[in-house]
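Okay, structure first, notes after.
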Amino acid sequence: MAKKITERRKDYSQWYLDVVREAQLASHSPVRGCMVIKPNGFSLWENMQRQLDDMFKETGHRNAYFPLFIPKSFLSKEAQHVEGFAKECAVITHSRLINSEDGVTVDPASKLEEELIVRPTSETIIWDTYRDWIQSYRDLPILINQWANVVRWEMRTRLFLRTMEFLWQEGHTAHATEKEAREETVRMLNVYRTFAEDYMAMPVITGIKTESERFAGAVDTYCIEAMMQDGKALQAGTSHFLGQNFAKAFDVRFQDRDGKEKFVWATSWGVSTRLIGGLIMTHSDDNGLVLPPRLAPTQVVIVPIWRNDDEQSRVIEYGNTMFKALKGAGIRVKLDDRDQYKPGWKFSQHEVEGTPLRIAIGPRDVDNNKVELARRDTLEKKIVDREGLEMLIPELLETIQSALFESARKRTLEQTRTATTYEEFKEILDTHGGFVYTHWDGTVETEERIKNETKATIRCLPLEIEEKPGKCMVTGKPSPYPVLFARSY
RNA sequence: CGGGGCGUAGCGCAGCCCGGUAGCGCAUCUGCUUUGGGAGCAGAGGGUCGCAGGUUCAAAUCCUGUCGCCCCGACCA
């Protein structure tokens, strides 16, 4: 069997690219830093979207859509926000092309009076709109989500993990009180945590970002951080408490019960197609993609095997009945009865694409009323009775789902260490990578120094951690509890 | 923006040093045999060699320029 995938231990980033290519998730586009998301990748995104969307609706949010283009002047209204995004904005300056000798050229006469920015995020245009939507406390809260594409002009890109254009959802809420907005921020962080762990089977640590890692324009940025197989951390989602920063910048006030005019409190939160990168790097192996059943576009594939026409019709009939029964049981099942590919080829293909379960059926199985079941995660194969399959498969899918989470959890735990001295800290990073808990004195200077010297950043100040006073590993100054460091994507 | 690599058939590559009919594997098409872990044989189709100049009787190959992409680092979801 020809191996088209580089081994993880040999070259992790080449392995990642190989998996994306062989599983046909996406390909590079003619435009630098952009990607074509292929049907396999997009179905995965659709499944993520569907689940997240349900969870957003469940928590009272509604979807809306705001423009791709933002007037340049909007960007300059919130000082921190501009500073954060100014360096990576695509700017539209003209509206027309004209024919020229070498094809087409920009028509200088079509220069825009006010240039437009392709949204890097939508806070500004949304808050400009919210001003019109909000007059009274009765108009609050506003709980809006939008599914959209955004553009950030990145210097260095990587399929799914960092592309210049990416797909995401951005929630933007407006509240009458600080308390309510803070609660919303944490509520959505927990939605992300639940989604990551229960659906992606990707364990995450929740926490708060330090000032330097905070979203531009936020008062507090909460995040979920996941640990990848190669020892690097991935920020998988963020939820921001924006305070009154945007309300003040865009003059969004409301009249409260007490008759007084007040500025609105805000949150925003988002996850992106980056999650697909996280999913790949959490579960996949040297044979290709491994998908958690709850998100897999195809959960079960049935591969029929035959030698002649007679066997073909018997096996296909057997497979068809099974297909209908499983589909009826609510399973995302596919019968791969294509005649132009051999079974062995199909086995490999579905394996590299990460289909959680494979059912192989041949004439022998038809005669004995059996099937061969193969798990993608463990690569185990066993023969089971045809009867009761409709009950067995859903259970098995759930077993796989929790096995994936469990093994990722165990791995993350093994990749999590504690350092008390700076020497120990560097030693851990260089030999193992992973998460490192250690004390930090809370200053930007120390954080900066550690980053420059080790390339590790503070991923977050974890929410679930016991108070355990100690001393900063660099300066020896007191610290109330350890913080989480890692090198990251 | 620095460092490295690459642009030759749909995909992956060789050919370039040493100029002389553009090749290999996979894929595609036809036929036969096959089908329980990426099938075999026979035949067929498919390429402005990234682009622009230059040297030469002759350029994928040498020279100059230029464009693009990928990978590794400095910034970021």
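Here is how names work: the chains are called A, B, and so on, in the same order as the sequence lines, proteins then strands, and each is numbered from 1. Quick note: numbers below take in every heavy atom, side chains included, and nothing from hydrogens, waters or symmetry partners.
Applying the ring-ring contact (aromatic ring centres under 6.0 Å, His included) rule to pairs touching residues 342-384 of chain A yields Y341(A)-W345(A), sequence neighbours excluded. Within the structure, salt bridge (Lys or Arg N to Asp or Glu O under 4.0 Å) contacts touching residues 25-48 of chain A (residues at least two apart or in different chains) do not occur. Sequence neighbours left out, not one pair with a member in residues 76-88 of chain A passes side chain to side chain donor-acceptor pair (under 3.5 Å).
Atom CD of Q340(A) is separated from atom C1' of U34(B) by 15 Å (rounded to the nearest Å). Rounded to whole angstrom, the span from the CG atom of D11(A) across to the P atom of G5(B) amounts to 16 Å. Rounded to whole Å, atom P of U35(B) lies 14 Å from atom CG of D310(A). I305(A) has its CD1 atom 14 Å from the C1' atom of U34(B), to the nearest Å.
Distance noted for atom P between C76(B) and G65(B): 36 Å (whole Å). The gap from the P atom of C67(B) to that of A52(B) amounts to 15 Å, rounded to the nearest Å. C51(B) and G38(B) have their P atoms separated by 40 Å, with the value rounded to a whole Å. For G50(B) and C17(B), the P atoms lie 15 Å apart once the distance is rounded to whole Å. For the C1' atoms, the distance linking U61(B) with G46(B) amounts to 24 Å, nearest Å. Taking the P atom of each, C1(B) and U64(B) are spaced 22 Å apart, rounded to whole Å. Nucleotides G37(B) and G25(B) are separated by 26 Å at their P atoms, to the nearest Å. Using atom P as the reference point in both C62(B) and C16(B), the two lie 9 Å apart (nearest Å).
The pairing partner recorded for G19(B) is none, the criterion being a Watson-Crick or G-U wobble arrangement whose two distances lie under 3.5 angstrom. Base pairing analysis places G37(B) opposite nothing; no Watson-Crick or G-U wobble pair with both distances below 3.5 Å involves it. Shown here, U30(B) forms a base pair with A42(B); the pair counts as Watson-Crick or G-U wobble because both key distances fall under 3.5 Å. Judged by Watson-Crick or G-U wobble contacts below 3.5 Å, the nucleotide A9(B) has no partner. Pairing of C62(B), defined by two Watson-Crick or G-U wobble distances under 3.5 Å, is identified with G54(B). When Watson-Crick and G-U wobble pairs are counted only if both distances are under 3.5 Å, G2(B) pairs with C72(B).
For the residue pair R193(A)/N190(A), the side-chain donor-acceptor check at 3.5 Å is satisfied. Between the side chains of T355(A) and E353(A), no donor-acceptor pair is found at a separation under 3.5 Å.
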The contact string for nucleotides 26-31 of chain B, one letter per nucleotide 5' to 3', using protein heavy atoms under 4.0 Å with B, S and - for base, sugar-phosphate only and none, comes out as ------

Reading 5' to 3' through nucleotides 70-77 of chain B, protein heavy-atom contacts under 4.0 Å coded B for base, S for sugar-phosphate only, - for none
SSSBBSBB

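If you check every strand for non-hydrogen atoms under 4.0 Å, R21(A) touches nothing. Residue-level contact check: E311(A) touches neither bases nor backbone, having no heavy atom under 4.0 Å from any strand.
In this structure D230(A) satisfies the side chain to side chain donor-acceptor pair (under 3.5 Å) test together with Y489(A), sequence neighbours excluded. Applying the side chain to side chain donor-acceptor pair (under 3.5 Å) criterion to N47(A), with sequence neighbours excluded, gives R50(A). In this structure, the side chain to side chain donor-acceptor pair (under 3.5 Å) partners of H172(A), at least two apart in sequence or on a different chain, are E170(A). Residues forming a ring pair (Phe, Tyr, Trp, His ring centres under 6.0 Å) with Y437(A) (at least two apart in sequence, or on another chain): none. Checked against ring pair (Phe, Tyr, Trp, His ring centres under 6.0 Å), H61(A) has the following partners two or more places apart in sequence or in another chain: W269(A). Residues forming a side chain to side chain donor-acceptor pair (under 3.5 Å) with E211(A) (at least two apart in sequence, or on another chain): none.
For the contact set between residues 359-388 of chain A and RNA chain B, defined by any heavy atom under 4.0 Å, the members are A360(A), G362(A), P363(A), R364(A), D365(A), E372(A), K381(A).
Among the candidates D285(A), D18(A), D286(A), the single residue satisfying the side chain to side chain donor-acceptor pair (under 3.5 Å) test with R8(A) is D286(A).
In this structure a side-chain-to-backbone donor-acceptor pair under 3.5 Å is present from R376(A) to E351(A).
An OP1 or OP2 oxygen of G36(B) is reached within less than 4.0 angstrom by a side-chain nitrogen or oxygen of K342(A).
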